[in-house]
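Contents: one structure, followed by commentary.
For clarity, every value in this text was computed on a predicted model and none was experimentally measured.
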Amino acid sequence: MNKEIYILGIGHNTSVYIDLVEACGYEIKGLYHYNGDRTGDIEHGYRVLGSFDDLFSLPSLVGMNLALSQGDNAIRSQLFDKILQKGGEVPSLIHPTAQVSRFAQLGNGVVIHINTVVHPDVIIGDNSVLSYNVSITHSTMIGNHCYIALGAMIGAYVNIADFAFIGIGANIISGKVDMIGYNAYVGAGALVTHSVEKNTVVAGSPAKIITVSYTHLRAHETEADL
């Protein structure tokens, strides 16, 4: 198995992903930044090899493992798709301290950070991130390109749709919440006691609707944003 890897994204989260991939037994071969401003720099002991454009201008990414450090679901999803189109791999990264049931099902490129617990019969889609100290209760489904932030607790039987973002310390109650909709945003510390519609922001305890037709960045992203 190829245990060499490259990390995409230079910023506050870079060192977190360096720690993670090293804990997962990978050898970091270099970093890539969204533009060429950092090319040649040394970041936490590793060289910035070039920009995302430099990476994707290669004829093929076959045989290359790449880790995506972006917290933004939309940007991370676009990079994920480009990597797969070029033949590269985005391996799942599960910190050794995480506890993942053997009855859980994980997609491609899933990231699970320190001390997170994934119960039996949980399904997690491609390119979704579970941050530190997250708890995912049994029989819950998490879609593709989601982000579950630090300390969130997701109850049983919840269906979290693609591109949803669950904020720090949010609590989604078993038996009361059937669905967190596509591209929904649950604010930090929210106590969610009812389903959340797609493209909706909720916050508070109990959680209430703050904004409807939430579009985040996808409505105006350009290639330069990547």
Side-chain angles (χ1 to χ4, degrees), residues 1 3 5 7 13 16-26 65-73 76-77 79-80 83-84 89-193 195-196 202 207:
M1 179 180 178
K3 297 296 286 187
I5 199 166
I7 297 176
N13 218 23
V16 174
Y17 272 74
I18 289 172
D19 277 350
L20 176 63
V21 299
E22 289 179 342
C24 292
Y26 284 90
N65 292 315
L66 301 113
L68 305 178
S69 68
Q70 295 74 21
D72 184 286
N73 290 334
R76 197 174 65 256
S77 72
L79 291 170
F80 180 85
I83 289 166
L84 297 189
E89 299 286 341
V90 182
S92 290
L93 300 168
I94 303 173
H95 195 276
T97 63
Q99 299 181 49
V100 179
S101 169
R102 65 189 180 94
F103 299 113
Q105 299 177 43
L106 306 185
N108 295 321
V110 172
V111 173
I112 302 178
H113 286 283
I114 295 171
N115 294 331
T116 283
V117 177
V118 178
H119 286 202
D121 302 324
V122 167
I123 299 173
I124 302 175
D126 294 345
N127 194 37
S128 285
V129 177
L130 277 56
S131 190
Y132 306 91
N133 299 310
V134 168
S135 178
I136 310 294
T137 310
H138 66 86
S139 310
T140 278
M141 179 181 296
I142 298 173
N144 301 320
H145 316 299
C146 294
Y147 192 98
I148 314 297
L150 165 67
M153 300 183 67
I154 312 300
Y157 310 110
V158 180
N159 186 350
I160 298 178
D162 296 352
F163 290 98
F165 184 98
I166 311 298
I168 292 173
N171 195 339
I172 298 176
I173 304 299
S174 299
K176 293 185 177 293
V177 181
D178 296 323
M179 169 71 74
I180 304 295
Y182 175 91
N183 195 45
Y185 188 106
V186 175
L191 177 63
V192 184
T193 59
S195 293
V196 178
V202 300

>> If I compare all heavy atoms of Ile5 with all of Pro91, which pair ends up nearest, and what's the gap?
In response: CD1-CG, 4.0 Å
>> Let me confirm one number: the OG1-CD1 distance from Thr97 to Ile114, rounded to the nearest 0.5 Å.
In response: 5.5 Å
>> Quick one: does any side-chain atom of Lys3 pair with a main-chain N or O of Cys24 as donor and acceptor, under 3.5 Å?
In response: yes
> For the side chain of Thr137 and the backbone of Ile154, is there at least one donor-acceptor N/O pair under 3.5 Å apart?
Replying inline: yes
>> Is it true that, when you exclude Met153 itself, more than 12 heavy atoms of the residues, nucleotides or ligands shown sit nearer than 6.0 Å to its CE?
In response: no
Which atom pairs, one a donor and one an acceptor, fall under 3.5 Å between side chains of residues 125-134 and the rest of the protein, sequence neighbours left out?
| unit_1 | atom_1 | unit_2 | atom_2 | d |
| --- | --- | --- | --- | --- |
| Asp126 | OD1 | Asn108 | N | 2.8 |
| Asn127 | ND2 | Arg76 | O | 3.4 |
| Asn127 | ND2 | His145 | ND1 | 2.9 |
| Ser128 | OG | Gly143 | O | 2.7 |
| Ser128 | OG | His145 | N | 3.3 |
| Ser128 | OG | Cys146 | N | 2.9 |

> Of all heavy-atom pairs between Ala67 and Val21, which one has the smallest distance, and what is that distance?
Replying inline: CB-CG1, 4.2 Å
> Atom CG of Asn73 and atom OH of Tyr185: how far apart are they, to the nearest 0.5 Å?
Replying inline: 10.0 Å
> Quick one: CD on Glu89 to CG on Asn65, what's the gap to the nearest 0.5 Å?
Replying inline: 6.5 Å
>> Looking at every non-hydrogen atom in both residues, tell me the closest pair between Val186 and Ala190 and how far apart they are.
In response: CG1-CB, 3.7 Å
> Do you know which two heavy atoms are closest between Thr193 and Val177, and how far apart they sit?
Replying inline: C-CG2, 3.8 Å
> Can you tell me how far CD1 of Ile136 sits from CG of Asp121, rounded to the nearest 0.5 angstrom?
Replying inline: 14.0 Å
> Taking the side chain from Ser139 and the backbone from Tyr157, do they hold a donor-acceptor pair closer than 3.5 Å?
Replying inline: no
> Do Leu66 and Leu79 have side-chain heavy atoms sitting under 4.5 Å apart?
Replying inline: no
For a quick test of your reading: what N or O donor-acceptor pairs under 3.5 Å do the side chains of residues 161-174 make, sequence neighbours left out?
| unit_1 | atom_1 | unit_2 | atom_2 | d |
| --- | --- | --- | --- | --- |
| Asp162 | OD1 | Asn144 | N | 2.8 |
| Ser174 | OG | Ala156 | N | 2.6 |

>> Can you tell me how the ring of His113 sits relative to the ring of Tyr17, calling it parallel under 30°, perpendicular over 60° and tilted otherwise?
In response: perpendicular
> Which pair of non-hydrogen atoms, one from His138 and one from His119, has the smallest distance, and what is that distance?
Replying inline: N-CB, 3.3 Å
> From Ile94 CD1 over to Leu106 CG, what is the distance, rounded to the nearest 0.5 angstrom?
Replying inline: 5.0 Å
>> For the CD1 atom of Ile160 and the CE atom of Met179, what is their distance to the nearest 0.5 Å?
In response: 10.0 Å
